Enquirer: 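Have a look at this one before I ask anything.
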Amino acid sequence: MENQIFNHFADIQTREIAPGFFSKLIHTENNTINFIEVKAGCALQLHQHIHEQSSFVIEGQFELTVAGVPQILDPGMFALIPSNVIHGGRAITDCKLIDVFSPVREDYKFV
């Protein structure tokens with residue numbers, strides 16, 4: 001996506017970043033914004049990365065475990081995950097989430 005002020009969300013290609021995790025990614029100079037749809041039952045194993053992550057639940061239920069503490073997130077809930085903290089999660093139902101990463105997720109910049 002070009003670095004423009006106004007864009008069309010429909011123009012962002014959807015990518016499956018993990019089995020059952022379908023993302024539309026926007027990269028700014030300092031952040032990656034991940035609009036993600038997750039199929040019920042799909043999970044991300046425990047992992048960590050240098051990025052701070054803010055995760056917002058828009059629709060559905062998502063169980064997120066951060067530093068060994070599980071929490072079911074409903075619409076309107078969010079989690080703030082510090083850099084290098086171990087976390088993972090699974091969709092209890094079909095979900096729509098927004099994740100914001102800082103700094104930019106270079107590994108999410110696809111060719």
Side-chain angles (χ1 to χ4, degrees):
M1 176 188 295
E2 293 181 34
N3 188 10
Q4 299 175 4
I5 292 175
F6 301 104
N7 300 278
H8 292 277
F9 195 71
D11 291 342
I12 303 172
Q13 183 177 358
T14 300
R15 305 236 184 216
E16 189 171 12
I17 62 168
F21 287 72
F22 299 92
S23 294
K24 287 183 178 272
L25 295 156
I26 297 171
H27 305 282
T28 69
E29 186 176 334
N30 299 306
N31 299 295
T32 295
I33 306 160
N34 184 5
F35 296 84
I36 188 164
E37 294 188 17
V38 187
K39 297 294 182 191
C42 293
L44 280 178
Q45 298 302 315
L46 292 174
H47 64 282
Q48 67 188 66
H49 42 72
I50 64 164
H51 312 87
E52 285 185 342
Q53 179 176 343
S54 302
S55 295
F56 303 85
V57 176
I58 306 304
E59 292 180 13
Q61 282 190 318
F62 192 84
E63 181 178 39
L64 183 65
T65 299
V66 179
V69 179
Q71 174 68 51
I72 295 176
L73 301 176
D74 294 308
M77 294 183 73
F78 64 95
L80 303 175
I81 306 168
S83 175
N84 290 313
V85 171
I86 296 174
H87 61 283
R90 69 177 179 89
I92 296 171
T93 65
D94 287 350
C95 295
K96 289 185 181 179
L97 313 171
I98 299 173
D99 288 340
V100 180
F101 298 95
S102 180
V104 170
R105 290 287 303 248
E106 296 294 334
D107 57 328
Y108 282 0
K109 288 186 175 179
F110 303 104
V111 179

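Below, each value reflects all heavy atoms present in this structure, side chains not excepted, and no hydrogens, waters or symmetry copies. Positions are given from 1, in the same order as the sequence printed here. Values in this document were obtained by computation on a predicted structure and should not be read as measured data.
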Enquirer: Check whether any side-chain heavy atom of Ile17 sits under 4.5 Å from a side-chain heavy atom of Ile36, and report yes or no.
Expert: yes
Enquirer: Should we count CZ of Phe35 as having more than 12 external heavy atoms under 6.0 Å?
Expert: yes
Enquirer: From the options Asn31, Ile98, Leu80, select the one residue that forms a side chain to side chain contact (heavy atoms under 4.5 Å, CB included) with Ser54.
Expert: Leu80
Enquirer: If you compare all heavy atoms of Val104 against all heavy atoms of Glu29, which two are closest, and at what distance to 0.1 Å?
Expert: CG2-O, 3.5 Å
Enquirer: Is Glu16 atom CD crowded by more than 12 heavy atoms from other residues, nucleotides or ligands, each under 6.0 Å away?
Expert: yes
Enquirer: Share the residues that join Ile72 in a hydrophobic cluster, the rule being Ile, Leu, Val, Met, Phe, Trp or Tyr side chains under 4.5 Å apart at the heavy-atom level.
Expert: Ile92
Enquirer: Can you list the residues that meet the side-chain contact (heavy atoms from CB on, under 4.5 Å) rule with Glu59, with sequence neighbours excluded?
Expert: Lys96
Enquirer: Run the numbers on His27 and Tyr108 for side-chain contact (heavy atoms from CB on, under 4.5 Å), then give the verdict.
Expert: CA-CA 9 Å; His27 305 282; Tyr108 282 0; 4.0 Å; yes
Enquirer: At their closest point, which heavy atom of Gly88 faces which heavy atom of Leu46, and how far apart are they?
Expert: N-CD2, 3.6 Å
Enquirer: Do Ile26 and Phe78 belong together in a cluster built from hydrophobic side chains that touch within less than 4.5 Å?
Expert: yes
Enquirer: Where do Pro75 and Ile58 come nearest, in terms of heavy atoms and distance?
Expert: CB-O, 3.5 Å
Enquirer: Give every donor-acceptor pair under 3.5 Å between a side-chain atom in residues 18-25 and any protein atom, sequence neighbours left out.
Expert:
from	atom 1	to	atom 2	distance (Å)
Ser23	OG	Asn34	OD1	2.8
Ser23	OG	Asn34	ND2	3.4
Lys24	NZ	Ile12	O	2.6

Enquirer: Does His87 reach the main-chain N or O of Val85 with its side chain, forming a donor-acceptor pair under 3.5 Å?
Expert: yes
Enquirer: Got a second to check how far His51's NE2 is from Gln53's CD, nearest 0.5 Å?
Expert: 9.5 Å
Enquirer: What pairs meet the salt bridge (charged side-chain N to carboxylate O under 4.0 Å, His left out) rule with one or both residues in residues 67-90, with sequence neighbours excluded?
Expert: Glu63-Arg90
Enquirer: Hey, quick one: are Phe56 and Phe9 part of the same hydrophobic cluster, counting side-chain heavy atoms closer than 4.5 Å, chains of contacts allowed?
Expert: yes
Enquirer: Tell me, please, which residues at least two apart from Thr93 pass side-chain contact (heavy atoms from CB on, under 4.5 Å).
Expert: Gln61, Cys95
Enquirer: Just grab all the salt bridge (charged side-chain N to carboxylate O under 4.0 Å, His left out) pairs involving residues 97-108, residues at least two apart or on different chains.
Expert: Arg105-Asp107, Glu106-Lys109
Enquirer: Does the side-chain contact (heavy atoms from CB on, under 4.5 Å) test come out yes or no for Leu64 and Ile81, once each step is laid out?
Expert: CA-CA 10 Å; Leu64 183 65; Ile81 306 168; 4.0 Å; yes
Enquirer: As an exercise, state the distance from CZ of Phe62 to SG of Cys42, rounded to the nearest 0.5 Å.
Expert: 9.5 Å
Enquirer: Walk me through whether Asp94 and Lys39 qualify under side-chain contact (heavy atoms from CB on, under 4.5 Å).
Expert: CA-CA 5 Å; Asp94 287 350; Lys39 297 294 182 191; 4.1 Å; yes
Enquirer: Is there a donor-acceptor pair under 3.5 Å between the side chain of His8 and the backbone N or O of Ala10?
Expert: no
